[in-house]
Amino acid sequence: MQCYTDLTPPTAVTHAVSLPFLSPKTNNLVVAKTSLLQVFQFKSIVTDAESKSYTDPKNPATLSTLGDSFIGDDIQLQRTENTTKLVLVSEHVLSGTVVGFARVKLENTRTGGDALLIAFKDAKLSLIEWDPENHSIVTVSIHYYEGEELLSTPWAVPLNQSQSCLSVDPQARCAALKFNARSLAILPFRYTDDEIVEDDFDIEMDFGNAEDKRLRKEKLPNGDVNDGEGLTPYKSSFVLSLTALEPTLTHPVHFAFLHEYREPTFGILSSSKAPASSLLSQRKDCVEYNVLALDLEHRASTTLISVQSLPIDLFMVFPLPLPVGGALLIGSNELVHVDQSGKTNAVAVNEFAKQSSSFNMNDQAELALKLEGCTVESLGSETGDLLLITSMGALAIISFQLDGRSVSALSVHKVAENQGGQVLNAAMSSAALLSRGRMFLGSEKGDSAVLGWTSKAASLTLSRKRSHADMLGQEAEVDSGADEDDDDDVDDLYGTEESPKKQKVTIDATTSENYTFRVHDRLISLAPITDFALRKPKPFQDSVELVTLTGRGGAGAVTVMQRDICPGALGELYDIDPVRAAWSVQARYSDARPAENQQSEDAYPNYMIVSRSKNGTEESAVYKLVGNGLRPAEVSLGDFDAEGATVDAGTLAEGTRIIQVQKAQIKSFEADFSLAQILPMEDDNGDELAISSATFCDPYVLIIREDSSMSVLQVDSKGELEELDRGDGIKACNWLSGCLYKPTSATQGMLACLLNADGGLHIFQLPDLSKAIFVAEGLKYLPFVLTPEYSSRRSAAMEILAEIMVADIGDAVSKSPYMIVRTASDDLVMYEPYHYPQRDPSQPFTTNLRWKKISQPRLAHAVDDTASDIEESDERGKLKALADVNGYSTVVQAGQSPCLVLKEASTTPKLVNVRLSGHVKNICSFQQEHHDRDAGSWGMHFSYVDETGKIRSVQIPADYTFGTTGWAIRKTPLHQDVQGICYYGPKDVHVVATGRLRDFVLPDDDFHTDWNKEDIAARPQVETSAISIFHPQSQSIVDTFELEQAEVVLCTEVLNLEVSEITHVRKALIGVGTAVVRGEDLTTNGNIYIFEIITVVPEPGQPHTNVKLKLISREEVKGAVTALSDIGTQGFFLVAQGQKCMVRGLKEDNTLLPLAFMDMQCHVTVGKALGGTGMALMGDALEGLWFVGYTEDPYKMIQLGKSKSRMEIVAAEFLPANRSLFIVAADAECNLHILQYEPDDPKSLSGHRLINRSVFRIGHLPTTMKLLTSSIFETTDATPNGIATNGAVPEPSITSPLSQILLATQSGSLAVVTPVDEHMYRRLNALQTYVTNQLEHACGLNPRAYRVADGEGLGGRGVVDGALAGRWVDLGSQRRAEACVKVGIEEWVVRNDLEFVSGGGLGLGLGR
């Protein structure tokens, strides 16, 4: 039995759409990453622009910035500009693969905004909208079209192999989903009026008017509106055959609904014969374009337009709104525009267009564009211009020449590099227009981007409308934009149609020189992960970092991934005796001191106050941090008294007062530690009260005492501390923890958030402590949504809570408040605040306040309570808020499981483990001293006290990001395609195979004189690879070995080969397999390269260049070399070359000696051997999987078993477990097959058939998988079932390391496959079933059905979904306890199982 667990989410953006989703007046972006749905809003910030010379009249930025003013030619200016950033609102995991997005305008949504229609693989539609009450998406309906009665003929393409296409009528009258070969599902929507005035989904629409229209429709007494009578927003859907609508639609290509039609009308590209470039002479210009008007009532259609004899390479219909109208047909070599009357205009973008088609086209062959895989999106409704992004990331502008309302011509212009034509480096998979001058571009091969542009025409038109605030770029939320509001006001007065004069101006400004593009923001993508290797970093030998190759083409990069943060050690603070805790404070002298001291470095002294035990006595000390802070000097300043331990320390009164909190008193010092005030802690009877914790937030300090009482002290304008009056309610309650939080709004006061002994949350508005303004007693149950009204059953299990913290978490772009709850087991539960109903910004923060739990898979590590070096008085996992750690506002947890809560603007907050030494007693901020304070160069780090009492200062790596996957990620762009990687341990370097596209030029040949006449601009390109050494310290390539033209690397491995037949010495060498691809009519040959990495003299000043590739052997073979692997015990290697698998060895003369071989059938995609054995597996592109045995005496290869079904194998790996041999194979349908070699099973036909134990749908296409050894050991019986066959006493149990498979996918996700025993399988399967029934699944999808592959039943014994079972962590305390009872185990068993199947022993950061 096995368990499949996703380690990281997918990062490749497949679909995107812009719509008013959260409310009718906001503009949001919704993106799909295969099986992940994300909702974004936008934030505009002010950034510095590059300094430019204002002498170029063609620079549109110059015109838009200067306006009507005059500036000299030689003046350089530092400009600022508005930059749009993405801010994540919500994230949802989907149990399905998204294949289409569409915006739907419904009349009665919960927010008044639009709904979203999502198409999934296997012909499913989900209609969702935003639910403000639960701050999440809600499923309106789900529609299935995968029944057998809807399938086409038996010989047609199966459903899972056919492409689906979703399109929605612009007036939201219906939606259509094309699935199977020729099936069309139509979903009509309800609307009140018979005729709806179309607004073309203009992104610059007046949302206020749309909201008024919606409200007016709700008031109609007899309207067909869902006003509580149970009417759904949709009508009954139906399925039609395309051939029933139009008999000629036998081979549909693409379709889309069109604008400006009274009835739902779509345009469709189709052909009466299957288009094929190989049959161009017989099927030239066989594509036709039809415009069909649907009759939803009678389920029929009428053909309005039919355009025949179109080029064969057309593949997409792009509908165009006014002022252009009609549709743009996109082909590989041309663009064709068809208007409402059927008039066509076409342009050829390369010289092959007229060679492959006789269609009349304007000639722009000099562009040499290749449109395969391109993306097109509108640049706005003013001019009708379109932006075209090629598969290489190049930008071009498509403009239309209008003669009235008729298109007389269209043209294409490339965007120059100095105007942003090369700001993208990969193909885009989706595009969404956000607002004027903003567009989102999603990519599956690189980072997605928010692309902005400026237009000369727009700058001239709007120069007098722009206010002073717009020029300064005040920070504001981007809804529809200020400029759009101005235009709407003008449209309300003069109508929505453009005047001829305005049209004339926009038409004149339609060349690419009028646009300048730049990237505003990026969504980091790891897709696709081509290959990966593992490396042990020297500072942390017990951990493993994953070095992956990500991206394709120009987006190729080497990406380092670490599951834990490995902070850079700045050093140990020397000359300090072991301490219990430490606090860093930065003081500031008051304004009363002389001005000359204010400007000196001593005006802002840095101190560290420590609490320690010396000679059995608790005492405190002060150290002054000088220089880099690593050698502090103990000082005796002012009135500081070393007697007594310190509980906490901080600053108040804007840093002019240093507050030392001790057990029985609070001391206030000035910056020079002269005593200003002492406040003893006594009750009304004069008895001493011991303080247990304190929290600072200027001008307050919150005190929690050991008797569970609390008090808040405030510093006045003179720097004196005064205790605030407490109400009777707060005095009568016992408090466990508390914190102070100041909302970001300037009008909001300070909040005191307290956790009482009963697990309730109380929030007070300071300075009023008489009554709580927010009370939620249900926090102890950890519900999904926490409200003051939440209550649970009396017998419900409660979570034991230990601490709460409310703090702002985020980066420099966006910070948001979050509540972090620490349980008694050191688990952290995060809650995000929201308001329902929406509060006015002037109202208090707690008005209509609710808290929503954020899903987090992290579980704290088990704490060893018997550890002698951990004092019982130490608080486990104490939370500490740090305002600035490399730009992050974060909360850090100390204790046995230290972690950081990190969030970036475009991600959810993540709990990332921090790899520190042992138990962390205390954490504090650590600020190094710099001379230039005002320059913003102060280095913020943090320090911690380890289990030995040493103070260590560490820094979070600045070049890593953490929010995308919850792992530490560092990308090093190579700007070229990446193909393979391996780690060479002896030199601690990586060998990376890269590739570049180069123009193919025919060679000189005396027998082919016609070759010399070839004169084409768009030359074919062939990929040529290179082998490079990538140094992990310098993060750069230090040596490169270039291959021949058209030679591509297919595999790269480190081989442990025998280099001497006499001494039998072995050496680690680099093996590389290549293929020389010279075209489809010539045979493909390959080469086997053997390299050694040698040490050389480095370049001056570059010590990392001391390694170089040395070629040991090169042998040309017939067929491509697709796989290399060590095999056997004698230092030989396995090579897959062409249709043969061969075992080879390295001879004394550095030639390769063949030893044994086996004939294969088609094309070998996978070739691997199990280390230290002669067992190998070979994956074929058509014939499935072969299990092969290799013997060394004599040398021969034998087929032991073969998979039963024919599969297209893309990746495979061995998985030995419990004295059994499993093989995990992935096919091209994103399915995972679990095969077993079991000769004793009758189904295996004496071992000749590999038994297919299970099939599991991944949902992502695997690219590679590798077998890893875990640090966790498994115990198995030496004899089956523990009984010896001869009746003797069974042999003792055998303990061996567990093996797991790490798997990478094309969508940028990582997963692990873990073998589990029978008992664990039953536990996890029962837990998975319980969690499935308890959770609400996004879009109404079934997670169990999603994991079942096509043709497999639900009742089979399948693979456990570890990620789904892991969501047990997200359940409330009551549900978690119920799950344990139903499964029949204790909670610690569940925690151990979940950590085990999540790769806890792989050294990726979970194992301790």
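We number each residue from 1, following the sequence as shown.
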Checking [X] now: which residues fulfil side chain to side chain donor-acceptor pair (under 3.5 Å) with it, not counting sequence neighbours?
| X | answer |
| --- | --- |
| Lys1067 | Glu1092 |
| Gln1300 | Thr1314 |
| Glu1023 | Gln979 |

- Message: Considering only residues two or more places apart or on different chains, which pairs with a residue in residues 1220-1255 satisfy ring pair (Phe, Tyr, Trp, His ring centres under 6.0 Å)?
- Response: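 Sorted pair list: Phe1187-Tyr1237.
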Partners passing salt bridge (Lys or Arg N to Asp or Glu O under 4.0 Å) against [X] (at least two apart in sequence or in another chain):
| X | result |
| --- | --- |
| Asp6 | Arg1347 |
| Asp1039 | Lys1108 |
| Arg998 | Glu1042 |

- Message: Does atom NZ (Lys445) have a neighbourhood of more than 12 heavy atoms from anything else shown, all under 6.0 Å?
- Response: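 Not buried by this count: 12 neighbours or fewer within 6.0 Å.
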- CD (Gln1045) with more than 12 external heavy atoms under 6.0 Å: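 Correct, the count exceeds 12.
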- Query: Salt bridge check: are Lys1266 and Asp531 linked by an N-O gap of less than 4.0 Å?
  - Reply: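 Between Asp531 and Lys1266 there is a salt bridge, with a charged N closer than 4.0 Å to a carboxylate O.
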Please list, chain by chain and in numerical order, all residues satisfying side-chain contact (heavy atoms from CB on, under 4.5 Å) with [X], sequence neighbours excluded.
| X | value |
| --- | --- |
| Phe1157 | Lys1140, Met1142, Asp1159 |
| Ser164 | Val99, Leu177, Phe179 |
| Leu1111 | Phe1041, Tyr1089, Phe1091, Arg1114 |
| Ser525 | Thr11, Asp447, Ala527 |

- Message: Applying ring-ring contact (aromatic ring centres under 6.0 Å, His included), can you list everything that pairs with Phe532, at least two apart in sequence or on another chain?
- Response: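 With sequence neighbours excluded, Phe532 shows a ring-ring contact (aromatic ring centres under 6.0 Å, His included) to no residue whatsoever.
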- Are Thr1151 and Asp1149 close enough, and set up right, to give a side-chain hydrogen bond (donor to acceptor under 3.5 Å, both in side chains), and what steps lead you there? CA-CA 6 Å; Thr1151 60; Asp1149 57 356; 2.7 Å; yes
